[in-house]
Student: 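Have a look at this one before I ask anything.
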Amino acid sequence: MTPETSAPSPDSRPTRVRIAPSPTGDPHVGTAYIGLLNYLFAAQRGGEFVLRIEDTDRTRFVASSEQMIFDALKWIGLTWNEGPDVGGPYGPYRQSERTEIYREHVELLLRSGHAYRSFETAEELEEVRKQQMAAKQPPRYNGAARHLSQEEIDANLAAGKPFVVRLKVPLEGSTTFRDELRGEITFDHNNVDDQVLMKSDGFPTYHLANVVDDHLMRITDVIRAEEWISSTPKHVLLYNAFGWELPKFWHMPLLRNVDKSKISKRKNPVSLVYYRESGYLPNAMLNFLGLMGGGMAQPTEQEIVSKGLNTKEGDIFSLAEMKERFDFQRISLGGPVFDLVKLKWLNGEYIRRQSPDEFFQTLRQTLFSDAYLRAVAPLVQERIETVGQFGDMTGFLFSDNVLPPESVWLPKKRQPEETLAFAAEQLTALEASTWDAASIEAELKKLGEAKQWSVKENFMLLRAILSGSLTSPPLMESLVVFGKARSLDRVRRFLETQKKLANQRK
RNA sequence: GUCCCCGUCGUCCAGUGGUUAGGACAUCGCCCUUUCACGGCGGUAACACGGGUUCGAAUCCCGUCGGGGACGCCA
């Protein structure tokens, strides 16, 4: 293990960091947050920032996601030196294109006795896990396959039985690693599971792929979210098994919902697409993310005086200033709440600082872009008699705060409670739906049938939530044009508001 | 439940043994203003608790409590 020392980094390798998003859906604010941190870290040390796509999960793979991630990161102003789109000397940068590499490395581990094949099915494991939970035991793999004889293994292999490869965690002892922000962290090996390294479909899990890639890509500092701390011992064990030098680990605090739980789409808009489409400015978003965790030193009294700063200026800074002053050692470890109220204030500051022409350009590029107007126009062309009526019909597509009164959203033969419950179901159905008119309609109808809601009741409720009115352009088309991220948010906000109102009445 | 991490106003951050515990957002009041917003001024509001260490603890140590994360053939 590395001896404890406060001397400058023993390895004089050039700094290389990476962001490794998984293309499973919309680009996430957490990705932007960790991306920003990695970007700054590299920029401050003259290092390289690598973008690697972790697409080893076939079941959750979303084809459109990768491009959306690129676009979203570029939108907030981050660029990378190496990645699937720009190439680089350590490619390929898509894990699905590196399967041969992982196969070779698994073979190495198998041969050196650091890993073993395991033939249980996912169902069998699930069963065991349930029993363990019921018996209040920690849910863990029991290590049965460790004891398979070579004959048994060969027989299973010959029979074509699917298998996974697991890490053989030592039964005794513990693993200690250094977190650059927290100091040493120790895990007893009896609390570390025999992690699956390669799935039965031949794809590696994150744990194997990230270690192999980080090493091969010469990553010096692993800057990732705190949720990874408990699997870091597995990674350390892997580095040791391969005989590789450890990178430094920096675990960043997790962004939180208002209730302090890990930020999630159920409780907070997390899609960068949502923020872009709702008219948040990219530099405001980046500034806000820089505020999370407190890595930016506040300006000193002298700076405030010499630069003539307002007191609130301490919270307002650009990417360039972050490169200059952001200090990783200052990061506070309490998980910061992603507070939309403050984000909105910050965004307002940025809007007010734009010149009239800049603001005009912002409008033309967002809410009044040609693309958006082109999409909205066909919804109303045959429904209006003067162009002046355009706003009357489409206001909800240009508004942020649409909230129908109960007289509008409550169907005649329904109670408020069952209606809100159904709206929550609609939200779930919409979340799961592909975003085109036919798919949305099918999902909603399926739900209506299951819950005994007529098509009319079903669609009118959603129409009321989306448009705030009983009259609107065609529902499905409106949803499509308004966009998935914003539509979901509108339903979510409707439900939250009604919940609050109900609580007030009590 | 087990393991790990964390703990200053409602929220985001300052504070690294001696401060009237500071700023920003939010909130409340006043001013500006035809309205709203912006802007200006002011107020309410926090060291989770209990033990130590020390002349002195928000700051150091221990415990309790609280919050969070992980415990997947997801990342």
Side-chain angles (χ1 to χ4, degrees), chain A residues 20-25 28 30-31 53-61 95 118-126 129 132-141 162-166 174 179 181-183 185-193 195-210 224-234 251 253-263 288 290-301 304 309-316 330-346 348-349 351-352:
Chain A
S22 186
T24 53
H28 198 277
T31 303
I53 294 293
E54 308 232 334
D55 56 350
T56 55
D57 184 353
R58 296 184 325 186
T59 57
R60 296 204 307 155
F61 180 74
Q95 291 187 330
S118 176
F119 295 87
E120 292 88 348
T121 64
E123 292 72 34
E124 287 166 357
L125 293 172
E126 189 53 38
R129 211 171 287 132
Q132 288 171 326
M133 295 285 242
K136 297 209 168 172
Q137 304 262 311
R140 296 192 45 197
Y141 178 64
F163 63 90
V164 300
V165 176
R166 286 180 182 272
S174 63
D179 177 281
L181 261 20
R182 284 160 257 257
I185 299 175
T186 300
F187 284 83
D188 269 14
H189 288 155
N190 55 29
N191 288 317
V192 182
D193 209 352
Q195 182 64 46
V196 170
L197 301 175
M198 181 160 284
K199 304 177 249 184
S200 54
D201 64 3
F203 279 80
T205 58
Y206 169 86
H207 305 282
L208 200 235
N210 105 85
R224 71 214 323 181
E226 193 178 15
E227 56 191 329
W228 293 109
I229 289 179
S230 48
S231 39
T232 303
K234 295 166 186 170
H251 290 99
L254 241 21
L255 261 23
R256 308 294 182 94
N257 296 311
V258 175
D259 66 5
K260 299 270 191 180
S261 57
K262 166 172 139 180
I263 195 165
F288 184 64
L291 240 24
M292 303 279 90
M296 279 295 276
Q298 290 191 332
T300 61
E301 300 243 352
I304 291 175
L309 298 180
N310 193 317
T311 46
K312 72 186 175 195
E313 305 284 333
D315 279 350
I316 300 176
R330 287 182 63 90
I331 288 176
S332 49
L333 269 9
V337 170
F338 192 87
D339 182 7
L340 285 173
V341 176
K342 185 148 186 178
L343 206 211
K344 270 190 194 144
W345 163 77
L346 235 198
E349 287 291 324
I351 286 179
R352 275 173 237 124

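Numbered from 1 within each chain, the chains take letters A, B, ... in sequence-line order.
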Student: Rounded to whole angstrom, note down the C1' distance from B/rC62 over to B/rU54.
Tutor: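 Approximately 16 Å lies between the C1' atom of B/rC62 and that of B/rU54.
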
Student: Taking the P atom of each, how far is B/rC3 from B/rU44, in whole Å?
Tutor: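 Each nucleotide's P atom is 45 Å from the other's.
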
Student: Under 4.0 Å between any heavy atoms, over every strand shown, what does A/Val164 touch: base, sugar-phosphate, or nothing? Just pick one.
Tutor: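 If one applies the 4.0 Å heavy-atom cut-off, A/Val164 turns out to touch a base.
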
Student: With sugar-phosphate meaning primed atoms plus P, OP1 and OP2, does A/Arg352 contact a base, only sugar-phosphate, or nothing at under 4.0 Å between heavy atoms?
Tutor: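 The residue A/Arg352 makes sugar-phosphate contact but no base contact.
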
Student: Answer yes or no: does a side-chain N or O of A/Arg129 lie under 4.0 Å from OP1 or OP2 of B/rG72?
Tutor: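 Answer is yes, contact under 4.0 Å.
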
Student: With rounding to the closest Å, how many angstrom separate the C1' atoms on B/rC73 and B/rG69?
Tutor: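 That atom pair is separated by 22 Å.
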
Student: May I ask you to decide whether A/Lys342 forms a salt bridge with A/Asp339, counting only side-chain N to carboxylate O separations under 4.0 Å?
Tutor: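 Answer for the salt bridge query: no.
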
Student: Expressed as a whole number of Å, how far does the C1' atom of B/rC41 sit from that of B/rU53?
Tutor: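 Per the computed distance, 45 Å lies between those C1' atoms.
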
Student: Under the side chain to side chain donor-acceptor pair (under 3.5 Å) test, which residues partner A/Gln95, sequence neighbours left out?
Tutor: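 A/Gln95 satisfies side chain to side chain donor-acceptor pair (under 3.5 Å) with A/Glu54, A/Asp213 only.
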
Student: Reckon A/Lys260 has a side-chain N or O less than 4.0 Å from the OP1 or OP2 of B/rC12?
Tutor: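 Answer yes for this pair, as a side-chain N or O of A/Lys260 is under 4.0 Å from OP1 or OP2.
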
Student: What's the gap between B/rG10 and B/rC49 when it is taken at their P atoms, as a whole Å value?
Tutor: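 Their P atoms lie roughly 13 Å apart.
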
Student: Cationic tip of A/Arg166 within the cone over A/Tyr141's six-membered ring, i.e. under 6.0 Å and within 45° of the normal?
Tutor: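 Verdict for A/Tyr141: a cation-pi partner in A/Arg166.
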
Student: Would a distance-only check, ignoring hydrogens and angles, find a side-chain to backbone donor-acceptor pair under 3.5 Å from A/Asp188 to A/Asn190?
Tutor: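 Pair absent, no side-chain N/O of A/Asp188 close to backbone of A/Asn190.
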
Student: Would you call A/Glu226-A/Arg182 a salt bridge at under 4.0 Å N-O?
Tutor: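 Here A/Glu226 pairs with A/Arg182 in a salt bridge, since their nearest N and O are under 4.0 Å apart.
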
Student: Is the distance from OP1 or OP2 of B/rA75 to the nearest side-chain N or O of A/Thr56 less than 4.0 Å?
Tutor: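 True: A/Thr56 side-chain N/O within range (under 4.0 Å) of B/rA75 OP1/OP2.
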
Student: Whole-Å distance between B/rC25 C1' and A/Met292 CE?
Tutor: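 To the nearest whole Å, that distance equals 10 Å.
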
Student: In whole angstrom, give me the gap between the P atoms of B/rC55 and B/rG40.
Tutor: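 Per the computed distance, 48 Å lies between those P atoms.
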
Student: At under 4.0 Å, does any side-chain N or O of A/Lys234 touch on OP1 or OP2 of B/rA70?
Tutor: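 For B/rA70, OP1/OP2 do not have a side-chain N/O of A/Lys234 under 4.0 Å.
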
Student: Please work out if A/Arg330 contacts a base, only the sugar-phosphate, or nothing of the nucleic acid, heavy-atom cut-off 4.0 Å.
Tutor: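 It contacts sugar-phosphate atoms only.
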
Student: Using the 3.5 Å cut-off, write out each protein N or O paired with an N or O of nucleotides 45-48 of chain B and the distance between them.
Tutor:
none

Student: Indicate, with a heavy-atom threshold strictly under 4.0 Å, whether A/Ser118 touches base, sugar-phosphate, or nothing.
Tutor: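 Nothing: the residue A/Ser118, judged by heavy atoms under 4.0 Å, touches no strand.
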
Student: Quick one: the side chain of A/Lys342 and the base of B/rA26, do they pair up donor-acceptor inside 3.5 Å?
Tutor: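 No such pair is found, so the answer is no.
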
Student: Set out, line by line, the N/O atom pairs under 3.5 Å between protein and nucleotides 1-8 of chain B.
Tutor:
unit_1	atom_1	unit_2	atom_2	d
B/rC5	O2'	A/Arg182	NH1	3.2
B/rC5	O2'	A/Glu226	OE2	2.9

Student: When you compare B/rG43 with B/rA58, how far apart are their C1' atoms, in angstrom units rounded to a whole number?
Tutor: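 Comparing C1' positions in B/rG43 and B/rA58 gives a spacing of 24 Å.
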
Student: Classify the nucleic acid contact of A/Glu124 as base, sugar-phosphate or nothing, counting any heavy atom under 4.0 Å across all strands shown.
Tutor: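 Answer is nothing: A/Glu124 stays at 4.0 Å or more from every strand.
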
